[in-house]
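One structure is given below, encoded as structure tokens.
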Amino acid sequence: MSESAQPKPDVVIEIAAMNKWYGPFHVLKDISLRVRRGERIVVCGPSGSGKSTMIRCINRLEEHQSGDIVVDGVTLNEDLKNIEHVRREVGMVFQHFNLFPHLTVLENCCLAPMWVRKTPRAEAEAAAMTYLERVKIPDQALKYPGQLSGGQQQRVAIARSLCMNPRVMLFDEPTSALDPEMIKEVLDVMVELAEEGMTMLCVTHEMGFARKVADRVIFMDAGQIVEENEPEEFFSHPKSDRTRLFLSQILEH
Amino acid sequence: MAESDVFVPKPSLPPPSGSVGVAGWMRANLFAGPFNTALTLVALWLLVSGLVPLFDWAVLRGHFSGGDAQACRSGGACWLFVGERFRFFIYGFYPAGQVWRVNIVLAVTAAAIGALAWPRTPGKRFLVPAAIVGVPALTLALMHGGVFGLPVVATDQWSGLTLTLVLSVVGIVMALPFGIVLALGRRSKMMAVRTLCILFIEVWRGVPLISVLFMASVMLPLFLPEGVQFSKVLRAMIGIVMFESAYMAEVVRGGLQAIPRGQFEAAAALGLGYWRTMGLVVLPQALKLVIPGIVNTFIALFKDTTLVLIIGLFDVLATVHATIVDPAWPAIAIEGYLFAALVFWVFCFGMSRYSQALERKLHTGHKRN
């Protein structure tokens, strides 16, 4: 799809009536979602509700079978060129970090800029160091991921994504695999990123984070978007019974 | 806050005496309990009863100098036979006046392998392709001749350790890249590529090397057009490379399967395409994991080259075998075969040690330093 086909230039992600099946199993049902530049959206819901699958469709780690996904003006379809364009512009942080264990922290950060964007090494390294400073671990740059704690690894993963200068950052349960002591250091980095105006789509159970930075909270269950609201309204006056039940289960203890 | 509220960890103490050092090691490894002690003593007795007579025969009563078989009359190992025939074991039937050409090839090959194996050699980025292209070209030009005014030495005169090394170095250098391509092909999403690779691997792996060599030497010429022929050494080489790359493919595939899906996904999410994902992220990790398997295949390949004996090529074992029937040197079979065994062992042990050093060097797991 060409640039002119995109009606609103400030819309970064447009999902329209998207459906996905795993074999006969209907995992995502009629998902429609619009993300504007600079918006911070938190996606929550019980496990198996399809929230991870949804955000993984946005950079085509999962394929959808019907409906449209337009990212940065480019429609996601079979075309490899489109997929590569979208992946260059969309950063992703995974639950299990997925750092490359055979490369140092600095090499992890420079790999994609050097090979995908063709940035010269010196420039890529300088950029990587500024991002490592932003996630507060410039002193670990020459270590290997296996030598870092979980929280440090996740911050490196965030820096690695930022090195590609993405338009949007997707977070797939970034704190779920961390020890309680390390969750805060990762959330702090994410809050800072949000305050700098990064467009973010986060699947997370950190309701404190949602309250603090989200412009909208989306609640999913059984492959559908059940409810979508501003955080204050969402937490204090949930509209559906399903949302109320979910909130009571995760907030009451 | 009061002083007593500050948490101060207890100081670290040294371990109890007798649990570290030589005494500690011996207690833990050799004399930990009656069963362990008994095993240690039995092993010691076996070593002594085996090694003492061997040492006596090979060294104390061994013959290292003298003119001919007469010098070995008194029993004991006759090493001067090995010395006498050493040139034949190394160069085989290569014309004596042209042996300097083999020496240059062996020296250059050894220097190239040494330079590539040494971790601090500068400019490896250029050295690797230069060696991969240059060494075979130099080998062919020098050993075969016909260029620079060198007389031609037909490949059926290549023999001895020279032939063993030529076959195995070519086999090792070619089988690894072919094996990697086949392994990637076998995991490809494209049906046609996958089917071809599976077919290739299963056919070559399901056939004994001996029959591959027979086919290469007897049957292949039947399928070639009249007048087209290429040397037996080249045919054996192709057979060995095909056979071993099928094995290598399965070793590499084992490594590819051990790489978690998250690595592929992270690479894809960063915008790396298939070849960069494989070349920069997946293969470096997969190959490191299967270094023991790769070197295992290399060692097997090195020893498998002795099978070319059955199509009439003379590797180092065949030259030894040919010499011990010499009536001028009766009863020297043991020394000859021991020498051949030693030659193979030295090369295989070298490869094994190098692979262990490589594994240690590439280990980035949880080592803190």
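Proteins get letters first, then strands, A, B, ... in listed order; numbering begins at 1 in each. Remember, it's a predicted structure, so these values are computed and weren't measured experimentally.
- Crowding of F178(B) atom CZ: a count of heavy atoms from other residues, nucleotides or ligands under 6.0 Å not exceeding 12.
- Within 6.0 Å of NZ on K118(A) lie more than 12 heavy atoms contributed by other residues, nucleotides or ligands.
- Ranked by heavy-atom pairs under 4.5 Å with chain B, the first of R160(A), H96(A), M164(A) is R160(A).
- Contact of F100(A) with chain B is made through backbone and side chain together, with heavy-atom distances under 4.5 Å.
- Proximity to chain B (any heavy atom under 4.5 Å) is restricted, for R56(A), to the side chain, taken from C-beta onward.
- Looking at E62(A), the atoms closer than 4.5 Å to chain B (heavy atoms on both sides) all sit in the side chain, from C-beta outward.
- With a 4.5 Å cut-off on side-chain heavy atoms, R87(A) and L270(B) do not count as touching.
- When the shell of 6.0 Å around CZ of R27(B) is examined, it contains 12 or fewer heavy atoms from other residues, nucleotides or ligands.
- With a 4.5 Å cut-off on non-hydrogen atoms, H102(A) touches chain B through its backbone and its side chain both.
- Most heavy-atom pairs under 4.5 Å with chain B, from the set V116(A), T104(A), L170(A), V90(A): that is V116(A).
- Applying the 6.0 Å contact sphere to NZ of K303(B) captures no more than 12 heavy atoms from other residues, nucleotides or ligands.
- Looking only at distances, a side-chain donor or acceptor of Q263(B) sits under 3.5 Å from a matching main-chain atom of L99(A).
- Around atom CZ of F126(B), no more than 12 heavy atoms belonging to other residues, nucleotides or ligands sit under 6.0 Å away.
- Residue L80(A): no heavy atom, backbone or side chain, is found under 4.5 Å from chain B.
- Considering all non-hydrogen atoms of both residues, F94(A) and A269(B) come closest at CZ-CB, 4.0 Å.
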Test log, rule side chain to side chain contact (heavy atoms under 4.5 Å, CB included), inputs L111(A) and L272(B): CA-CA 9 Å; L111(A) 190 76; L272(B) 296 168; 3.9 Å; yes
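- N98(A) contributes a side-chain N or O that, together with a main-chain N or O of G262(B), makes up a donor-acceptor pair within less than 3.5 Å.
- Interface remark: of the candidates A267(B), G273(B), P260(B), A267(B) forms the most heavy-atom pairs closer than 4.5 Å to chain A.
- By the 6.0 Å contact criterion, CD on E196(A) is enclosed, its count of non-hydrogen atoms from other residues, nucleotides or ligands being greater than 12.
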